[in-house]
Visitor: 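One structure coming up, written as structure tokens, with questions to follow.
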Amino acid sequence: MPIVPLSDAIRELVHDGDTVALEGFTHLIPHAAGHEIIRQGRRDLTLIRMTPDVVYDQMIGMGCARKLVFSWGGNPGVGSLHRLRDAVENGWPGPLELEEHSHAGMAAAWSAGASNLPFGVLRGYEGGDLPARTRVARITCPFTGEELAAVPSHRPDVGIVHSQRADRHGNVQLWGILGVQKECLLASARSIVTVEEIIDELTPVAGAIVLPAWVVGAVCVVPRGAHPSYAHGYYDRDNDFYLAWDAISRDRDAFRAWMDEHVLAAVPA
Amino acid sequence: MPIVPLSDAIRELVHDGDTVALEGFTHLIPHAAGHEIIRQGRRDLTLIRMTPDVVYDQMIGMGCARKLVFSWGGNPGVGSLHRLRDAVENGWPGPLELEEHSHAGMAAAWSAGASNLPFGVLRGYEGGDLPARTRVARITCPFTGEELAAVPSHRPDVGIVHSQRADRHGNVQLWGILGVQKECLLASARSIVTVEEIIDELTPVAGAIVLPAWVVGAVCVVPRGAHPSYAHGYYDRDNDFYLAWDAISRDRDAFRAWMDEHVLAAVPA
Amino acid sequence: MTYTADEVMAVEAARRIGDGAVCFVGIGLPSLAANLARRTHAPNSVLVYESGTIGAKPYELPLSIGDGELAETADAVVTVPEMFAYWLQGGRIDVGFLGAAQIDRHGNLNSTVIGDYDRPAVRLPGGGGAPEIALGVRDVFVMLRHSRRAFVEKLDFTTSLGDRVRVVVTDLGVLEPRDGELALTQLHPGVDPEQACEATGWDLRLASDVRETDPPSDEELCALRSLRTKGDA
Amino acid sequence: MTYTADEVMAVEAARRIGDGAVCFVGIGLPSLAANLARRTHAPNSVLVYESGTIGAKPYELPLSIGDGELAETADAVVTVPEMFAYWLQGGRIDVGFLGAAQIDRHGNLNSTVIGDYDRPAVRLPGGGGAPEIALGVRDVFVMLRHSRRAFVEKLDFTTSLGDRVRVVVTDLGVLEPRDGELALTQLHPGVDPEQACEATGWDLRLASDVRETDPPSDEELCALRSLRTKGDA
């Protein structure tokens with residue numbers, strides 16, 4: 001798939017009922033793609049992400065999600081995600097099933113997914129109440145007899161990430177905090193990468209990774225597509241927005257009004 | 001351990017009977033460190049490396065090794081390792097036990113070792129005669145019932161790698177073909193890094209990884225310490241030497257004479 | 001100089017970080033404490049953030065664990081899977097900081113739910129890195145404001161285990177394991193033991209050698225305040 | 001133009017690489033064939049070397065799989081564990097090239113030992129990437145000079161399985177699976193069927209539609225020779 005408008009990519013690649021991951025660890029969170037999914041009214045999605053934050057709060061509050069697979073669902077440095085809480089605590093706008101992991105478990109599940117393995121192995125999920133509430137199994141080392149944890153790998157239908165730039169062939173370059181973006185993209189059956197810009201040729205950048213075009217589904221040019229998250233080298237994290245979101249999202253009506261004005265009425269990228 | 005002479009590092013950290021890995025995938029092979037191990041007359045080593053090449057041929061021919069754990073033991077682009085063959089085929093200068101894996105198995109064993117896991121999981125070792133000749137087990141996915149291979153992780157006593165440079169604190173920087181050097185170092189109880197040079201401060205290099213000083217054992221300054229292998233950005237691979245090694249190493253006497261002149265009589269770094 | 005309860009928490013936690021210690025830090029008070037240690041007595045301590053930055057040296061406190069400055073000033077940036085597999089699980093971290101909504105007398109922590117898991121009164125963010133930090137680092141430091149709501153007889157949910165909790169720094173004092181449970185070992189200046197007991201939901205034992213925390217020095221407070229130019233939840 | 005047996009092997013293998021194919025290549029003839037394809041009809045084919053270089057575009061043929069030029073011209077360089085886990089095992093490779101010391105009629109390969117494993121007559125380098133390449137790519141291409149020593153009734157050791165072997169290009173012709181075993185489907189110019197049968201250690205079947213290989217064109221030979229300025233074992 002060549003370089004296409006975001007609205008086309010979401011329309012073609014994201015379907016009702018899909019398992020979808022919009023990944024990002026604070027950095028490069030694909031907000032614009034999440035907004036387009038909301039605009040197109042997708043329903044019954046299973047959302048995967050280690051650190052669901054504002055964009056998942058928005059998708060949940062707008063009724064896109066049936067289930068959330070995650071390890072830490074908060075507004076980083078601020079507090080709660082009120083739409084996520086409202087869904088879990090009060091079933092508004094609908095019930096939200098949770099599959100909850102630790103970061104280490106999610107990271108192992110992403111690596112295993114990218115590796116085409118059905119499970120990942122880690123030292124974890126020992127004691128406490130989490131193991132009884134999630135999908136985890138014990139596995140025995142055939143050489144030492146040690147017991148370890150196994151988590152099912154993530155294999156989403158669609159993986160969506162944001163990155164700094166791509167070349168005209170669709171080779172994607174990404175740097176700064178790398179998170180699990182490569183794993184998310186490689187573990188997914190289909191993928192979308194939104195980028196700040198397209199350039200003629202990718203030049204080397206220290207700390208950068210490149211995802212070749214032939215493992216990338218659609219590439220969509222969406223300047224500031226990560227805002228209020230940030231794109232290292234392009235713009236800073238809008239910390240004020242994350243702080244402001246706390247008040248906007250506490251109230252259902254204020255939330256809907258904000259979404260109407262800033263997302264639903266916005267022009268698709 | 002601060003920045004020390006190579007001879008001190010080998011004396012203190014490498015003992016007879018140890019399991020030792022001098023890793024490198026064609027690039028950055030720690031030849032100088034291998035030569036110092038030969039000079040110091042270490043015996044009964046278990047050597048681990050994916051691609052044992054000339055320096056392991058030399059160590060085996062000089063009687064340092066009791067066992068070799070490997071996946072491809074040849075002279076890349078040239079042919080056989082004659083000292084390795086002589087040891088396996090004729091027991092000269094002593095018998096050499098083999099534990100043979102595939103590259104995928106070795107890579108998984110290194111990742112697992114660096115991750116402090118007792119085993120690695122992969123799709124492999126299915127059919128053929130290798131599984132019966134090596135350490136591998138079948139493991140069942142607790143979620144899907146699929147059967148996969150498990151390999152015991154590598155946890156050497158000493159891991160030795162070469163890199164381009166370090167700063168005065170011992171932070172190590174390495175770029176170009178990365179191989180399994182990070183995994184080797186992190187999987188090992190003790191470690192030695194030989195470097196081309198020490199600089200005041202590491203500056204960013206595209207594609208480079210940094211191993212912080214606190215996970216590195218000894219750092220030793222050994223310019224051209226990878227020769228006849230190469231150090232990306234410093235000097236090229238001495239392909240002529242690899243071709244020449246074929247003739248030198250075919251004959252036991254020619255081999256000994258070459259080692260006497262070029263290794264045993266050489267001044268330690 | 002006068003100081004706040006949060007400041008004495010940060011200062012007291014910072015003091016316990018040895019020079020050269022490798023610290024796995026989260027955002028907020030732990031990040032404040034670890035950065036303070038690095039600016040004062042422990043210049044060689046190493047800050048590792050779970051976002052993948054190793055040896056970060058932020059000039060200002062980050063609001064989030066993935067702020068750009070952490071990557072820019074780090075010795076190395078690794079992927080999140082590598083961070084958890086090679087670095088945390090690899091056993092390379094000396095000190096891990098944890099916060100929580102609830103703690104019990106054994107140092108077990110709850111950061112998952114208040115109330116029943118399936119019908120929670122409050123859905124908290126969840127464990128994040130805590131379950132494996134709690135088992136994978138040498139020493140766990142907990143930072144938590146003292147209240148009966150937080151220091152409870154029984155957790156609503158056990159997110160992480162207390163086996164490696166070495167110290168709990170609160171805004172009233174310090175708790176450390178003694179004879180199998182957390183006991184009060186320090187009181188911050190101006191706090192009396194009754195206040196700490198009153199703010200604890202279990203029958204808090206006092207160590208035989210309870211001492212008063214040294215008040216934050218001017219040097220510590222200046223270093224701390226120079227860090228706090230950005231938000232720190 | 002005249003040409004050598006190795007050249008016709010390289011040219012014939014190259015022709016079978018579709019444009020855009022992602023090829024996992026080793027050193028020697030496979031590297032030659034894949035680079036030739038990229039220089040002629042398949043400019044968008046992607047060369048992946050197991051040393052971790054993805055999309056390498058060497059100007060000269062590398063002597064070893066880890067030559068510096070591979071990293072310098074690659075779209076991406078990844079670690080070896082990532083290469084085998086995320087890329088090969090990830091199922092992202094279309095074509096994998098393999099060589100060997102021995103092949104049987106089912107395309108099973110031996111690159112481990114000649115003779116008994118414990119007391120080998122010849123200790124070969126070993127499987128390297130072959131066992132998982134043989135099972136992890138879509139199509140396996142084998143390149144092997146034709147001789148009774150190499151094309152054997154029974155392997156001394158089975159290093160990799162033949163399940164995905166789609167074609168065997170030799171210096172005499174081409175073998176492809178037909179009705180459960182490798183049959184001769186092409187003969188290079190000037191080779192007669194008896195020569196191929198004579199050089200095969202099993203009773204080689206001839207496909208009903210055996211055809212003659214198109215001779216290497218001048219364009220193919222020029223492109224090939226311009227690549228061969230460095231050694232290529």
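Heavy atoms only: backbone and side chains are in, while hydrogens, waters and symmetry mates are out. Since the structure is predicted, the reported quantities are computational estimates derived from the model, not experimental observations. Numbered from 1 within each chain, the chains take letters A, B, ... in sequence-line order.
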Visitor: Using non-hydrogen atoms and a 4.5 Å limit, figure out which bit of Val77(D) sits close to chain A: side chain, backbone, both or neither.
Guide: neither
Visitor: Taking side-chain hydrogen bond (donor to acceptor under 3.5 Å, both in side chains) as the test, write out the residues that go with Thr19(A), two or more places apart.
Guide: none
Visitor: For chain A and chain D, give me every donor-acceptor pair shorter than 3.5 Å, distances to one decimal.
Guide:
unit_1: Ser111(A); atom_1: OG; unit_2: Tyr86(D); atom_2: OH; d: 3.3
unit_1: Ala114(A); atom_1: O; unit_2: Arg92(D); atom_2: NH2; d: 2.8
unit_1: Ser115(A); atom_1: O; unit_2: Gln89(D); atom_2: NE2; d: 2.8
unit_1: Asn116(A); atom_1: ND2; unit_2: Gln89(D); atom_2: O; d: 2.9
unit_1: Lys182(A); atom_1: NZ; unit_2: Glu82(D); atom_2: OE1; d: 3.2
unit_1: Lys182(A); atom_1: NZ; unit_2: Glu82(D); atom_2: OE2; d: 2.6
unit_1: Glu183(A); atom_1: OE2; unit_2: Tyr86(D); atom_2: OH; d: 2.8
unit_1: Leu186(A); atom_1: O; unit_2: Arg92(D); atom_2: NH1; d: 3.2
unit_1: Leu186(A); atom_1: O; unit_2: Arg92(D); atom_2: NH2; d: 3.0

